[in-house]
Amino acid sequence: MRSLLIMLSMAFLFASCSNSEQVNVEELNRAFIDAWNDNDERKLEEMLADDVDFVQGEIHYRGKAEVADKWVNETIETIDDLRLRTISSGVDEGIAYEAGTFTVDVLPLAPGEPEGEGEGNFMLLWKKMEDGTWKLAYAQLEDLPVKAKL
């Protein structure tokens with residue numbers, strides 16, 4: 001019984017110490033969404049880990065250069081007002097994630113075309129770098145077909 005109490009005390013002490021060092025994943029995602037909605041490509045690229053992965057359906061981009069070029073730079077001008085609704089999240093001392101649903105306004109590709117509304121599921125995973133900063137390491141989007149705004 002005594003050894004069980006010691007083990008529980010050690011576990012509580014370890015858990016309380018590690019919790020004090022945890023990052024707020026909501027703040028990480030808020031900074032990312034704010035940069036996206038501000039069309040700040042430079043800031044978004046700074047948030048990406050060197051080995052970041054982006055997955056959307058059959059699309060899979062790897063590495064900071066490819067993800068920045070083919071996801072961020074090619075997509076940022078086509079959507080507006082990105083919004084997240086978190087359903088699940090988790091944090092430890094080295095990894096943080098949020099998953100849920102997203103909605104966006106899809107801008108017309110040509111004059112005279114209607115705006116659209118997009119929605120789907122997301123998962124953003126952040127990891128702590130050796131220098132203590134947090135970088136986006138994995139992003140997955142599963143979107144539904146865009147609906148025309150009426």
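The residues of the chain are indexed from 1 along the displayed sequence.
- Smallest separation of non-hydrogen atoms from Leu82 and Asn37: N-OD1, 2.8 Å.
- The same ILVMFWY cluster, assembled from side-chain heavy atoms under 4.5 Å apart, contains both Val106 and Ile59.
- One hydrophobic cluster, built from ILVMFWY side chains closer than 4.5 Å, holds both Leu124 and Val104.
- Note on Val67: it clusters hydrophobically with Ile76, by side-chain heavy-atom contacts below 4.5 Å among ILVMFWY residues.
- Remark: Asn24 CG to Ser89 OG distance equals 9.0 Å, nearest 0.5 Å.
- If you check the side chains of Thr103 and Glu119, you find no donor sitting under 3.5 Å from an acceptor.
- The pair Glu46-Arg42 meets the salt-bridge criterion, since a charged nitrogen lies less than 4.0 angstrom from a carboxylate oxygen.
- Using a 4.5 Å heavy-atom threshold, the side chains of Ile87 and Thr101 count as touching.
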(request) Apply the test side-chain contact (heavy atoms from CB on, under 4.5 Å) to residues Thr75 and Trp36: give CA-CA distance (whole Å), side-chain angles for both, the deciding distance (0.1 Å), then the verdict. (result) CA-CA 10 Å; Thr75 309; Trp36 192 282; 4.0 Å; yes
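- Side chains of Leu44 and Asp40 form no contact here, defined as non-hydrogen atoms less than 4.5 Å apart.
- Residue Glu74 holds its CD atom at 10.5 Å from CD of Glu41, rounded to the nearest 0.5 Å.
- The minimum heavy-atom distance between Ala35 and Met47, with the atom names listed, is CB-CE, 4.4 Å.
- What you find for Ala137 and Ala49 is that their closest heavy atoms are CA-CB, 4.2 Å.
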(message) Using ring pair (Phe, Tyr, Trp, His ring centres under 6.0 Å), reason through Tyr61 and Trp71 one step at a time and then give a plain yes or no.
(response) CA-CA 8 Å; Tyr61 303 136; Trp71 176 41; 8.7 Å; no
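- For Glu142 and Asn121, the side-chain atoms include no donor-acceptor pair closer than 3.5 Å.
- Between Glu66 and Arg62 there is no salt bridge, since none of the side-chain N atoms of the basic residue sits less than 4.0 Å from a carboxylate O of the acidic one.
- For the pair Val91 and Val23, the minimum side-chain heavy-atom distance is below 4.5 Å.
- No side-chain heavy atom of Phe32 sits under 4.5 Å from any side-chain heavy atom of Lys43.
- Looking at heavy atoms from C-beta onward, Arg83 lies in side-chain contact with Asp81 at the 4.5 angstrom threshold.
- Counting only heavy atoms from C-beta outward, the side chains of Val25 and Trp126 approach each other to under 4.5 Å.
- For the atom pair Phe122 CZ and Gln56 CD, the distance stands at 14.0 Å (nearest 0.5 Å).
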(request) Would you please test Leu136 and Leu125 for side-chain contact (heavy atoms from CB on, under 4.5 Å) and show each step? (result) CA-CA 6 Å; Leu136 185 64; Leu125 182 126; 5.7 Å; no
(request) Report the C-alpha separation of Leu141 and Phe54 in whole Å, then their side-chain angles, then the decisive distance to 0.1 Å, and conclude whether the side-chain contact (heavy atoms from CB on, under 4.5 Å) test is met. (result) CA-CA 8 Å; Leu141 304 178; Phe54 171 78; 3.8 Å; yes
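- By the salt bridge (charged side-chain N to carboxylate O under 4.0 Å, His left out) test, Asp143 is found to be paired with no residue, residues two or more places apart in sequence or in another chain being considered.
- Shortest non-hydrogen contact noted between Pro114 and Pro108 is O-CB, 3.8 Å.
- Residues Tyr138 and Val52 are not in side-chain contact: their nearest non-hydrogen atoms beyond the backbone lie 4.5 Å or more apart.
- The side-chain heavy atoms of Leu107 and Thr78, taken from C-beta on, include no pair separated by under 4.5 Å.
- Taken from NZ in Lys64 to CG in Asp50, the straight-line distance is 5.5 Å, to the nearest 0.5 Å.
- Residue Glu45 holds its CD atom at 8.5 Å from CG of Asp69, rounded to the nearest 0.5 Å.
- Using a cutoff of 4.0 Å between basic side-chain nitrogens and carboxylate oxygens, Lys149 and Asp105 are scored as salt-bridged.
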(request) May I have the step-by-step check of side-chain contact (heavy atoms from CB on, under 4.5 Å) for Leu48 and Lys135, ending in yes or no? (result) CA-CA 5 Å; Leu48 300 176; Lys135 302 284 184 174; over 6 Å; no
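- Asp92 and Trp134 get closest at one heavy-atom pair: O-CH2, 3.9 Å.
- Using a 4.0 Å cut-off between charged side-chain N and carboxylate O, Asp51 and Lys127 make a salt bridge.
- Hydrophobic clustering (side-chain heavy atoms under 4.5 Å, transitive across Ile, Leu, Val, Met, Phe, Trp, Tyr) keeps Met123 apart from Leu84.
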